[in-house]
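So the structure is just underneath, and the comments pick up after that.
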Amino acid sequence: MSQYPCAITPGAEDKSGAVRLGVRWILRQLRELGGEILLDVPNAYVLSEWQGISALAKMPNVRVSKRGRGFPNGPVLAVWPTAEAFTELLSHDRDIRAMCLLPWQAPTSPLPWVTAWANGSKAELLGEAFVPSGNVGLDRTVRAGLESLVGNLGGTLGYGMVKSTIKILADARLVLPPEQVRAHMLEKGCRPEDAAEAYKLCQRVAAGVKLRWPEVGRMDPAILREWSQRNRI
């Protein structure tokens with residue numbers, strides 16, 4: 001669960017309502033928590049097309065960034081970001097005071113990473129926002145391996161641990177859907193950077209690439225046996 005307030009608006013079925021709800025919520029967080037709002041948008045068109053977003057961008061104590069490239073110093077309103085842009089924003093978690101996500105999705109089929117973040121952060125559902133159960137259906141051994149990365153400190157050693165984990169799971173011929181792997185890691189509280197790296201590694205595995213062991217952070221493949229004993233029903 002996030003250590004700051006989180007909220008999610010309806011998806012593409014109600015874009016106008018989502019903008020209204022998101023702007024109202026983020027302004028309330030600014031009044032209560034201070035700092036300045038970081039308004040992250042996918043492109044300049046959004047600023048000119050949506051009146052509520054355009055009006056917010058012109059207010060005092062509001063900065064605008066595009067595609068997750070801003071640096072938060074207070075509440076963040078993420079408007080229809082990609083998974084990559086949103087992960088980049090989350091990587092600045094020490095400087096985030098509140099987060100509101102406007103997801104770009106169909107009303108009954110939210111993307112796995114949206115579901116994972118909303119469930120993992122216990123996000124407040126604004127208006128008619130809908131978030132299904134966070135169970136993404138991964139093999140229990142895969143789940144245990146990914147969850148072992150919770151608390152990873154990052155750096156060269158941390159990167160090696162992520163790569164080792166994905167390699168061990170891949171060498172065991174376990175299924176590693178990139179989107180679901182990233183979603184599960186975000187939901188369980190792994191560092192966003194680690195979830196993003198695991199996503200890229202799983203994409204390489206899906207393309208038929210055999211991963212090499214990292215120079216630092218190599219793990220004993222025998223740990224697979226321990227992972228397989230966890231999460232038993």
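Hydrogens, waters and symmetry mates are skipped; everything else that's a heavy atom, side chains included, is used.
Pairing each heavy atom of Pro42 with each of Arg67, the nearest pair is O-NH1, 2.9 Å. Between Pro103 and Pro10, the shortest heavy-atom contact is CD-O, 3.8 Å. Of all heavy-atom pairs between Ser164 and Gly217, the closest is OG-O, 3.1 Å. Across all their heavy atoms, Gly52 and Val23 have their closest contact at O-CG2, 4.0 Å. Minimum heavy-atom separation, Ala57 to Leu47: CB-CD2, 4.0 Å. Minimum heavy-atom separation, Glu187 to Asn119: OE2-CB, 3.8 Å.
Under the 4.5 Å side-chain heavy-atom criterion for Ile, Leu, Val, Met, Phe, Trp and Tyr, Met219 and Leu174 are members of the same hydrophobic cluster. The hydrophobic cluster containing Trp213 also contains Ile166, counting ILVMFWY residues as joined when their side-chain heavy atoms lie under 4.5 angstrom apart, directly or transitively. Under a hydrophobic-cluster definition in which Ile, Leu, Val, Met, Phe, Trp and Tyr are linked whenever side-chain heavy atoms come within less than 4.5 Å, directly or via other members, Ile26 and Met59 are assigned to the same cluster. Tracing side-chain contacts under 4.5 Å through hydrophobic residues (I, L, V, M, F, W, Y), one reaches Leu27 starting from Leu77; they form part of the same cluster. Residues Val162 and Leu146 fall within the same hydrophobic cluster, defined by Ile, Leu, Val, Met, Phe, Trp and Tyr side chains chained together at heavy-atom separations under 4.5 Å.
Looking at Thr165 and Trp227, their side chains come closer than 4.5 Å, going by heavy atoms from C-beta outward. By the 4.5 Å heavy-atom criterion applied to side chains, Arg191 and Met185 are not counted as neighbours. Between Pro81 and Trp104 the shortest side-chain heavy-atom distance does not fall below 4.5 Å. When side chains are defined from C-beta on, Met161 counts as touching Leu149, because their heavy atoms get closer than 4.5 Å. Taking the side chain as every heavy atom from C-beta outward, Val175 and Asp139 never approach each other to under 4.5 Å. Between Leu33 and Tyr4 the shortest side-chain heavy-atom distance does not fall below 4.5 Å. Residues Glu193 and Thr87 form no side-chain contact, since every pair of their non-hydrogen atoms from C-beta on lies 4.5 Å or further apart. You'll find the side chain of Met99 reaches within 4.5 Å of the side chain of Leu90, heavy atoms only.
Atom SG in Cys6 sits 11.5 Å away from atom CG in Leu125 (nearest 0.5 Å). The OG atom of Ser91 sits 11.0 Å away from the CZ atom of Phe86 when rounded to the nearest 0.5 Å. Put simply, CH2 on Trp25 and CD1 on Ile8 are 11.5 Å apart, with the number rounded to the nearest 0.5 Å. Atom SG of residue Cys202 and atom CD of residue Glu179 lie 11.0 Å apart, to the nearest 0.5 angstrom. In this structure, Cys100 SG and Arg24 CZ are separated by 11.5 Å, a value rounded to the nearest 0.5 Å. Atom-to-atom distance recorded for Leu102:CG and Leu21:CG is 8.5 Å, nearest 0.5 angstrom.
Applying the salt bridge (Lys or Arg N to Asp or Glu O under 4.0 Å) test to pairs two or more places apart or on separate chains, none has a residue in residues 38-55.
Side chain of Lys188 to backbone of Glu147: no donor-acceptor contact under 3.5 angstrom is found. Put simply, the side chain of Ser65 never gets that close to the backbone of Leu38: no donor and acceptor are under 3.5 Å apart. Not one N or O on the side chain of Ser54 forms a donor-acceptor pair closer than 3.5 Å with the backbone of Gln51. Side-chain atoms of Arg143 come within 3.5 Å of backbone N or O of Leu138 as a donor-acceptor pair. Looking at Asn43, its side chain does come within 3.5 Å of a backbone N or O of Val46 through a donor-acceptor pair. In this structure, Arg97 contributes its side chain and Gln29 its backbone to no donor-acceptor pair below 3.5 Å.
Considering Arg69, Arg182, Lys200 as possible partners of Glu84, the one that fulfils the salt bridge (Lys or Arg N to Asp or Glu O under 4.0 Å) test is Arg182.
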